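Each remark here refers to the structure printed beneath this line.
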4 protein chains.
Amino acid sequence: MVNKVILLGNLGKDPIVRRTENGVAVATFSLATSERYKDKDGNPQEKTEWHNIVLWRGLAEVAEKYLHKGDKVYIEGKLTTRSYEQDGIKKYVTEVVADTMNMLTPKGGSGGSSNIPPPPMEEPPYAIKTPVGSTVNEEIPPATEPDDLPF
Amino acid sequence: MVNKVILLGNLGKDPIVRRTENGVAVATFSLATSERYKDKDGNPQEKTEWHNIVLWRGLAEVAEKYLHKGDKVYIEGKLTTRSYEQDGIKKYVTEVVADTMNMLTPKGGSGGSSNIPPPPMEEPPYAIKTPVGSTVNEEIPPATEPDDLPF
Amino acid sequence: MVNKVILLGNLGKDPIVRRTENGVAVATFSLATSERYKDKDGNPQEKTEWHNIVLWRGLAEVAEKYLHKGDKVYIEGKLTTRSYEQDGIKKYVTEVVADTMNMLTPKGGSGGSSNIPPPPMEEPPYAIKTPVGSTVNEEIPPATEPDDLPF
Amino acid sequence: MVNKVILLGNLGKDPIVRRTENGVAVATFSLATSERYKDKDGNPQEKTEWHNIVLWRGLAEVAEKYLHKGDKVYIEGKLTTRSYEQDGIKKYVTEVVADTMNMLTPKGGSGGSSNIPPPPMEEPPYAIKTPVGSTVNEEIPPATEPDDLPF
DNA sequence: TTTT
DNA sequence: TTTT
């Protein structure tokens, strides 16, 4: 079974970083991927998709330190959907849980970085406790190669 | 900007195929990707994600003819989210609009293929008219190579 | 930096499995991906690419036990090139070092599985000792999710 | 069958652009993807892979105009291997024929751009006429969506 | 031959 | 809400 998402786009806002009671970091942000195309009259159009990104542990720490509104990032992850209830209505959120991140905005660049503290209550997607899957790429022990190859 | 999803999983049901007024085919189905892992007590667990797949034109026609419940398919596409109103409530659906499909269940295989007609009312995701993006891989004119290479 | 290869094709022969002096397993095989297209005269053509696949450790063990000539597999990995000398001539081989493998041929299927022992000398690519990179997906400790999410 | 390569790295040199007798543009360059890891003694190491990239038609024209040594690009393409004879010895080259390219170095950036004319004779990989496959993403007519969706 |  |  394969479940892989590859995105390269820009952050709509600074990441929001929280920690679990055990101190595990979780960062969330939305990422825009825009596509230019021509409509049937030949006029140039742009369509933007917004993706909910979730990063755990090491990746969340990196996001907290270095990622800002407007920054360009490459994300590789898994598509996941979770549900929660709001005002008695069941809602679904689809998120991309990142396992690889690559920051593409040069340091000192982008500016942006609004340091206004996040609102006390988040948008619906993140309002309810629910398990979410993740793998942090940077924590994976790099499989070092044996020196004694058989070929 | 890159927006790519790669899935390899099994169909939860037979595809549902509709046509626009212009006769353009659209197929939809949900696709399961399961992941086995061990929980913190070391017990094997399985977690299944369900993905909403949308195919247009040629890919929809192929799906209509050959895809059945339980079949294994490889899908490459784009992540898209659209919204609709239901009972006065705005709802969001995230879908994968396929541009490449690869059927992995050998012909005559899989069985399954429940021919029970689909319910009169679909799940929320497909209940409302909304524009959705798509590219059908098979309709792309294969770029044939010139014979007179410069190297 | 991103270096990712995604292949879905068929094994040309049974895998060849070796072990380093430390007992680490390495499996190699070639994988065919075929593409159908029409030439400029509209005649259907097929073009097959052969890829050198390398699997380490757990993945190699799985390949040894379950993979056979003709089997269909999904492979995700890294593109790597290494060089070696043969008869005083420097040669280069490009390989895909897998970090994920998904076997798509149902058990008992495929047939094929020629049990003819591999030739004493392999094709050039695997004739010389050289370091090769790898990560075995199955050995990665699955990042279990904390129960105490902050949202 | 799936044959996909995804790379994000830096150009080692300016692209070399040629044209076939029919005026079709072909650009080639090598792309570095570097990976940082720690060796078994815990010392940080870097390993760089060099990939041979080939772009056709529209993508080649874009590369010619905008890509320079050192620039960062995202490439999506196919793995292909071709052979040629040199001094009576058969040689193989593995290339990535791009079908999507995304330039990630901001305009006016990178500088580099050594305008030293390319040597009269290229490295072995490009010395011999051979057919190579390609699809230029930008030439694909964007599948416009019908307004009359059936759902 | 690149980049961080 | 981003970016080109």
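Just so we're on the same page: letters track the sequence lines, and every chain starts at 1. Bear in mind the structure is a predicted one, so any value in this text is a computation, not a measurement.
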Note to self: Are E:dT2 and D:W50 stacked, with the base six-membered ring and the side-chain ring centres under 5.5 Å apart and planes under 30°?
What the structure shows: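 Ring-base stacking flag not set for D:W50 and E:dT2.
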Check: Hey, mind stepping through B:N3 and A:E49 against side chain to side chain donor-acceptor pair (under 3.5 Å) and telling me if it holds?
Finding: CA-CA 9 Å; B:N3 174 354; A:E49 288 292 333; 5.5 Å; no
Note to self: Distance criterion of 3.5 Å, no angle test: do you see the side chain of A:T48 paired donor-to-acceptor with the base of F:dT2?
What the structure shows: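 Indeed there is one.
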Item checked: hbond_proxy A:S30 side chain to F:dT1 base (donor-acceptor, 3.5 Å cutoff) ->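 Under the 3.5 Å cut-off, the side chain and the base do form a donor-acceptor pair.
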Check the distance between [N]'s [atom2] and [X]'s [atom1] and give it to me in whole angstrom.
X	N	atom1	atom2	result
A:D71	F:dT3	CG	C1'	11 Å
A:H68	F:dT1	NE2	P	20 Å
A:K69	F:dT3	NZ	P	7 Å
A:L7	F:dT2	CG	P	18 Å
D:L31	E:dT4	CG	C1'	15 Å
D:L8	E:dT2	CG	C1'	13 Å
A:E46	F:dT4	CD	P	11 Å
A:M103	F:dT3	CE	C1'	17 Å

Margin query: Here's a test of your reading of the structure: between A:H51 and A:K72, which maps to the more 5' nucleotide of DNA chain F?
Written below: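 Nearest-nucleotide comparison on DNA chain F picks A:H51.
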Note to self: Starting the side chain at C-beta, find the nucleotide from E:dT3, F:dT2, E:dT4 nearest to D:R36.
What the structure shows: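 Given the options E:dT3, F:dT2, E:dT4, the side chain of D:R36 is closest to E:dT4.
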Next item on the list: Ignoring hydrogens and angles, state whether a donor on the side chain of D:T33 or D:H51 is under 3.5 Å from an acceptor on the partner side chain.
Entry: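 The criterion, which ignores hydrogens and geometry beyond distance, is satisfied for D:H51 and D:T33.
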Next item on the list: Kindly say whether D:D41 contributes a backbone atom to a donor-acceptor pair with the side chain of D:D39 at under 3.5 angstrom?
Entry: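 Yes: the side chain of D:D39 pairs with the backbone of D:D41.
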Check: Does a salt bridge link C:K4 with C:E76, judged by any charged N lying under 4.0 Å from a carboxylate O?
Finding: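 Salt bridge present between C:K4 and C:E76.
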